[in-house]
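Heads up: numbering here begins at 1 and tracks the sequence.
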Amino acid sequence: ISAIALLALLCATFVVGSARDKYDDDAQQRLIDYLYMEARRQNANDNNGAEFELYRRAYELDTTNTQIGSDLALYYILMGKNNDEIGQQGLDLLKRRFDENPNDFGKSVAYGRLITQMGYHDEALRVWQTLDSLNPKNTGVKLIYIDALINSADSANLRKAITQINRLET
């Protein structure tokens with residue numbers, strides 16, 4: 001085979017391989033999207049077992065997707081009542097979602113409330129401080145942030161709480 005023919009064959013193989021890889025990536029994403037949407041449908045039908053399995057499978061296929069991870073996390077937390085490792089796995093997924101997307105107000109507030117209720121004061125303070133900085137006009141968030149400052153039992157945080165309360169009054 002001549003050098004030109006060999007070069008042409010290698011280029012053709014690379015182009016076909018690249019197109020195939022792109023197709024496989026798109027097919028994988030479509031599968032993940034389908035599993036996620038089907039999990040949402042199962043949620044609407046109150047089929048919790050199927051919903052959990054669909055979220056779990058979708059997350060196995062794409063562990064970088066924090067939306068799927070945070071939905072799956074709630075199941076891990078519920079299942080973790082009798083298993084600290086599973087519950088912690090759920091909390092880790094919610095924390096990751098918050099860290100990557102604190103602007104997702106609903107998920108961030110849910111995470112903040114959960115860790116506040118569970119007594120993780122330092123993490124709760126971090127979450128509510130972040131939410132307050134992102135939503136400075138939201139009085140509800142500000143009040144929870146003030147409460148987290150007070151619950152920290154730290155004198156510097158108590159001064160911050162008083163400053164925050166004074167800002168509410170003006």
Side-chain angles (χ1 to χ4, degrees), residues 17-152 161 164 167-168:
S18 295
R20 180 71 181 160
D21 291 346
K22 172 82 170 110
Y23 176 81
D24 289 346
D25 290 345
D26 290 347
Q28 176 87 351
Q29 188 56 53
R30 284 192 302 274
L31 175 60
I32 293 165
D33 292 345
Y34 169 77
L35 291 168
Y36 180 75
M37 294 308 295
E38 182 60 22
R40 303 293 299 161
R41 190 178 77 79
Q42 293 301 324
N43 174 275
N45 292 332
D46 290 327
N47 189 351
N48 296 332
E51 179 187 11
F52 168 73
E53 288 300 326
L54 289 161
Y55 281 143
R56 190 181 58 72
R57 180 66 180 128
Y59 190 70
E60 282 176 358
L61 293 172
D62 183 4
T63 58
T64 66
N65 189 318
T66 58
Q67 174 66 41
I68 296 170
S70 65
D71 289 339
L72 178 62
L74 300 177
Y75 278 100
Y76 284 149
I77 290 167
L78 290 173
M79 291 167 42
K81 288 183 179 179
N82 297 318
N83 184 327
D84 289 341
E85 185 178 322
I86 291 174
Q88 187 60 50
Q89 185 177 1
L91 284 175
D92 291 346
L93 287 170
L94 288 176
K95 180 183 185 301
R96 181 173 161 210
R97 173 67 179 181
F98 174 77
D99 289 342
E100 290 183 13
N101 191 4
N103 289 314
D104 183 343
F105 188 76
K107 297 262 188 207
S108 295
V109 167
Y111 174 58
R113 287 184 176 168
L114 178 66
I115 58 172
T116 298
Q117 184 179 4
M118 294 178 78
Y120 295 111
H121 299 294
D122 291 341
E123 178 66 1
L125 182 59
R126 182 182 79 88
V127 168
W128 293 114
Q129 181 177 17
T130 302
L131 284 170
D132 181 58
S133 69
L134 293 172
N135 305 280
K137 296 187 187 291
N138 188 317
T139 306
V141 168
K142 175 120 11 238
L143 290 172
I144 296 171
Y145 174 47
I146 291 168
D147 193 45
L149 287 166
I150 293 169
N151 285 332
S152 73
Q164 294 292 327
R167 287 184 186 160
L168 280 175

Peer 1: With sequence neighbours left out, what residues match Glu51 under salt bridge (Lys or Arg N to Asp or Glu O under 4.0 Å)?
Peer 2: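 By the salt bridge (Lys or Arg N to Asp or Glu O under 4.0 Å) rule, Glu51 matches no residue at all.
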Peer 1: Between Asp62 and Thr64, is there a donor-acceptor pair closer than 3.5 Å when you use the side chain of the first and the backbone of the second?
Peer 2: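 Flag set: sc Asp62 to bb Thr64 pair under 3.5 Å.
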Peer 1: For the pair Trp128 and Ile146, evaluate side chain to side chain contact (heavy atoms under 4.5 Å, CB included) and give the outcome as yes or no after the intermediate values.
Peer 2: CA-CA 9 Å; Trp128 293 114; Ile146 291 168; over 6 Å; no
Peer 1: Going through the distances and angles, do Leu91 and Gln88 end up as a side chain to side chain contact (heavy atoms under 4.5 Å, CB included)?
Peer 2: CA-CA 5 Å; Leu91 284 175; Gln88 187 60 50; 4.0 Å; yes
Peer 1: When rounded to the nearest 0.5 angstrom, what is the spacing between OH in Tyr120 and CZ in Arg126?
Peer 2: 14.0 Å
Peer 1: Please report the interatomic distance CG(Asn101) to CD(Gln67), rounded to the nearest 0.5 Å.
Peer 2: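 Taking CG in Asn101 and CD in Gln67, the distance rounds to 8.5 Å.
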Peer 1: Can you tell me if Asp122 has over 12 outside heavy atoms packed within less than 6.0 Å of its CG?
Peer 2: no
Peer 1: Might you point out which heavy atoms bring Leu125 and Ser152 nearest each other, and give the distance in Å?
Peer 2: CD2-CB, 4.4 Å
Peer 1: For the CG atom of Asn48 and the CD atom of Glu53, what is their distance to the nearest 0.5 Å?
Peer 2: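 Answer rounded to 0.5 Å: 12.0 Å.
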Peer 1: Between Gln129 and Leu149, does a side chain to side chain contact (heavy atoms under 4.5 Å, CB included) hold up when you go through it step by step?
Peer 2: CA-CA 9 Å; Gln129 181 177 17; Leu149 287 166; over 6 Å; no
Peer 1: I need the minimum non-hydrogen distance between Ile150 and Ala161, along with the two atoms involved.
Peer 2: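 Distance-wise, the nearest heavy atoms are CG1-CB, 3.7 Å.
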Peer 1: Could you tell me which non-hydrogen atom of Leu94 sits nearest to which non-hydrogen atom of Ser70, and how far apart they are?
Peer 2: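 Shortest heavy-atom separation between Leu94 and Ser70 comes out as CD2-O, 3.7 Å.
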Peer 1: For residues 137-144, please give each side-chain donor-acceptor pair under 3.5 Å, one per line with the distance, not counting sequence neighbours.
Peer 2:
from: Asn138; atom 1: OD1; to: Gly140; atom 2: N; distance (Å): 3.0
from: Asn138; atom 1: OD1; to: Val141; atom 2: N; distance (Å): 3.0
from: Lys142; atom 1: NZ; to: Asp132; atom 2: OD1; distance (Å): 2.8
from: Lys142; atom 1: NZ; to: Asp132; atom 2: OD2; distance (Å): 3.1
from: Lys142; atom 1: NZ; to: Gln164; atom 2: OE1; distance (Å): 2.9

Peer 1: Where the side chain of Ser108 meets the backbone of Pro102, is there a donor-acceptor pair that is under 3.5 Å apart?
Peer 2: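 Looks like yes, one N/O pair under 3.5 Å.
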Peer 1: Checking side chain to side chain contact (heavy atoms under 4.5 Å, CB included) for the pair Glu100/Lys95: CA distance, chi angles, key distance, verdict?
Peer 2: CA-CA 9 Å; Glu100 290 183 13; Lys95 180 183 185 301; over 6 Å; no
Peer 1: Quick check: does any side chain N or O of Tyr59 sit under 3.5 Å from a backbone N or O of Thr63, one acting as donor and the other as acceptor?
Peer 2: yes
Peer 1: Salt bridge (Lys or Arg N to Asp or Glu O under 4.0 Å) with Glu60: which residues, sequence neighbours excluded?
Peer 2: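 For Glu60 the salt bridge (Lys or Arg N to Asp or Glu O under 4.0 Å) partners, ignoring immediate neighbours, are Arg56, Arg57.
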Peer 1: Please list, chain by chain and in numerical order, all residues satisfying salt bridge (Lys or Arg N to Asp or Glu O under 4.0 Å) with Arg113, sequence neighbours excluded.
Peer 2: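 Listed in chain order: nothing, the list is empty.
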Peer 1: For the atom pair CG (Leu54) and CD1 (Ile68), what is the distance rounded to the nearest 0.5 Å?
Peer 2: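 Nearest 0.5 Å value for the CG-CD1 distance: 10.5 Å.
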Peer 1: For a side-chain hydrogen bond (donor to acceptor under 3.5 Å, both in side chains) check, start with the C-alpha distance between Glu38 and Gln42, then their side-chain angles and the critical distance, and finish with the verdict.
Peer 2: CA-CA 6 Å; Glu38 182 60 22; Gln42 293 301 324; 2.7 Å; yes
Peer 1: Between Asn151 (side chain) and Asp147 (backbone), is there a donor-acceptor pair under 3.5 Å?
Peer 2: yes
Peer 1: Please evaluate residues Asn65 and Tyr36 with respect to the criterion side-chain hydrogen bond (donor to acceptor under 3.5 Å, both in side chains), reporting the C-alpha separation (whole Å), side-chain torsions for both, the decisive distance (0.1 Å), and the verdict.
Peer 2: CA-CA 11 Å; Asn65 189 318; Tyr36 180 75; over 6 Å; no
Peer 1: Just to verify, what does Thr66 make a side-chain hydrogen bond (donor to acceptor under 3.5 Å, both in side chains) with, not counting sequence neighbours?
Peer 2: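 Counting only residues at least two positions away or on another chain, Thr66 forms a side-chain hydrogen bond (donor to acceptor under 3.5 Å, both in side chains) with Arg97.
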Peer 1: Tell me the ring-ring contact (aromatic ring centres under 6.0 Å, His included) pairs involving residues 90-109, sequence neighbours left out?
Peer 2: Phe98-Tyr111
Peer 1: Please report the interatomic distance CG(Asp26) to CG(Asp33), rounded to the nearest 0.5 Å.
Peer 2: 10.5 Å
